Colleague: 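Quick one: this structure, given as structure tokens, is what I'll be asking you about.
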Amino acid sequence: MAANWKMFKTPTETTAFFTAFLPMIEGAAKADVAICAPFINLPAAIAAASGSAVTVGGQNLYWAKDGAFTGEISGPMLKAIGCEWVIVGHSERRQFFGETDETVLRRTKAAIEAGLKVILCVGEMLAEREAGQTEAVLHKQFGAGVAGLTPEEFSQIVIAYEPVWAIGTGRTATPEMAAAAHKVIRGLAAHAFGDAANTLRILYGGSVKPDNVASLMAEEEIDGALVGGASLDPASFSKIVNF
Ligand code: 13P
């Protein structure tokens, strides 16, 4: 169960979140929990999570290790402060910041080289779903963004299926729709990486809330959730973790 806080919270608010959240998920042994926070909140998140089972991640990285790249953050920097994860290729990065399948692949390889695990996001836009192109979009995103990984690199990624029309809209994909897309992704993974596809974790993201998480998770193909809005509040995210 991964939280994507997007561009929300200050360091003080981050510490307050963990103070409330950690006791609420005590004993939630069945889920791995990760919080992906804005860069500036990562030290506070890592300090607060220390000694707990909760892991912390960034929401993006640049592929160079260091250099004259004003405003960017590298994989080794995230690793050095104690991040375990990084999100790559979120649809908001694709829509608003020029991310492409090619840059997704570069970032993913750089993250893994730095010792991070990657939550790699794919998913179709509303117009693409309505035009019946969901599968074609997943093929293209997987082919250009994932299939170029080595088998060792592939073992370090989790894929998040996030239909863009379900993000922040309150409009969730039905469990059946999500499971069907996950099945397509697992099929693509099997074609490219063989049996390793069986252990690939595929998360669903897009308006996951405490009241719909159980029906989504009841689908065998859905291994977890990437949660935006509902991850900002400790009570609501703990209900999702403890579903
Ligand atoms: P919401 O849960 O706010 O729809 O966001 C989903 C998402 O984009 C997670 O990465």
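Note that the structure is predicted; figures quoted are calculated from it, not measured. Nothing fancy with the numbering, it's 1 onward along the sequence. In each ligand, atom 1 is the first atom listed, and ligand 1 is the first ligand listed.
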Colleague: Please identify which atoms of ligand 1 are closer than 4.0 Å to at least one heavy atom of Leu226.
Modeller: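 The list of qualifying atoms is 9 (C), 10 (O).
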Colleague: Tell me whether Asp211 is salt-bridged to Lys239, with the criterion being a basic N under 4.0 Å from an acidic carboxylate O.
Modeller: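 No, this pair does not count.
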Colleague: Does ligand 1 have any atom that is closer than 4.0 Å to a heavy atom of Ala166?
Modeller: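 Yes, Ala166 has a heavy atom closer than 4.0 Å to ligand 1.
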Colleague: Numbering the atoms of ligand 1 from 1, which are under 4.0 Å from a heavy atom of Gly228?
Modeller: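 Once the distances to Gly228 are compared, the set is 1 (P), 2 (O), 3 (O), 5 (O), 6 (C), 9 (C).
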Colleague: I need the atoms of ligand 1 closer than 4.0 Å to a non-hydrogen atom of Glu162, numbered in the order shown.
Modeller: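 Contacts of ligand 1 toward Glu162, numbered from 1: 6 (C), 7 (C), 8 (O), 9 (C), 10 (O).
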Colleague: Side chains of Ser74 and Asp66: any donor to acceptor distance under 3.5 Å?
Modeller: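 Distance-only check fails for Asp66 and Ser74.
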Colleague: Looking only at distances, can you tell me whether any N or O atom of Ile167, backbone or side chain, sits closer than 3.5 Å to an N or O atom of ligand 1?
Modeller: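 No, since none of the N or O atoms of Ile167 sits under 3.5 Å from an N or O of ligand 1.
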Colleague: Check ligand 1 against Lys6 and write out every atom of the ligand that is under 4.0 Å from a heavy-atom position of the residue.
Modeller: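 Ligand 1 atoms under the 4.0 Å threshold to Lys6: 5 (O), 6 (C), 7 (C), 8 (O).
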Colleague: Going by heavy atoms, is Ala230 under 4.0 Å from ligand 1?
Modeller: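 Not so, Ala230 does not reach ligand 1.
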Colleague: For ligand 1, which atoms have a heavy atom of Gly206 less than 4.0 angstrom away?
Modeller: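 In order of numbering, the contacting atoms are 4 (O), 6 (C).
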Colleague: Would you name the heavy atoms of Phe17 and Leu232 that are closest together and state the gap between them?
Modeller: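 Minimum heavy-atom contact is CD1-O, 3.5 Å.
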Colleague: Might you confirm whether atom CD of Glu219 has over 12 heavy atoms from other residues, nucleotides or ligands at distances under 6.0 Å?
Modeller: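 Buried by this count: over 12 neighbours within 6.0 Å.
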Colleague: Nearest protein heavy atom to atom 4 (O) of ligand 1, by residue and atom, and its distance?
Modeller: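 Here the nearest protein heavy atom works out to Gly168 N, 2.6 Å.
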Colleague: Under 4.0 Å from any heavy atom of Gly229, which atoms of ligand 1 are there?
Modeller: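 Those qualifying, in numeric order: 1 (P), 2 (O), 3 (O).
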Colleague: Would you call Tyr161 and Val184 a side-chain contact if the rule is heavy atoms closer than 4.5 Å?
Modeller: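 Sidechains of Val184 and Tyr161: no contact.
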Colleague: Does any N or O of ligand 1 fall below 3.5 Å from an N or O anywhere on Glu92, backbone included?
Modeller: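 No, no N or O pair falls under 3.5 Å.
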Colleague: Suppose we screen for salt bridge (charged side-chain N to carboxylate O under 4.0 Å, His left out). Which residues come up paired with Lys209, at least two apart in sequence or across chains?
Modeller: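 So Lys209 forms no salt bridge (charged side-chain N to carboxylate O under 4.0 Å, His left out) with any residue.
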Colleague: Contact between Lys209 and ligand 1, counting heavy atoms under 4.0 Å?
Modeller: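 Outside the 4.0 Å threshold, so no.
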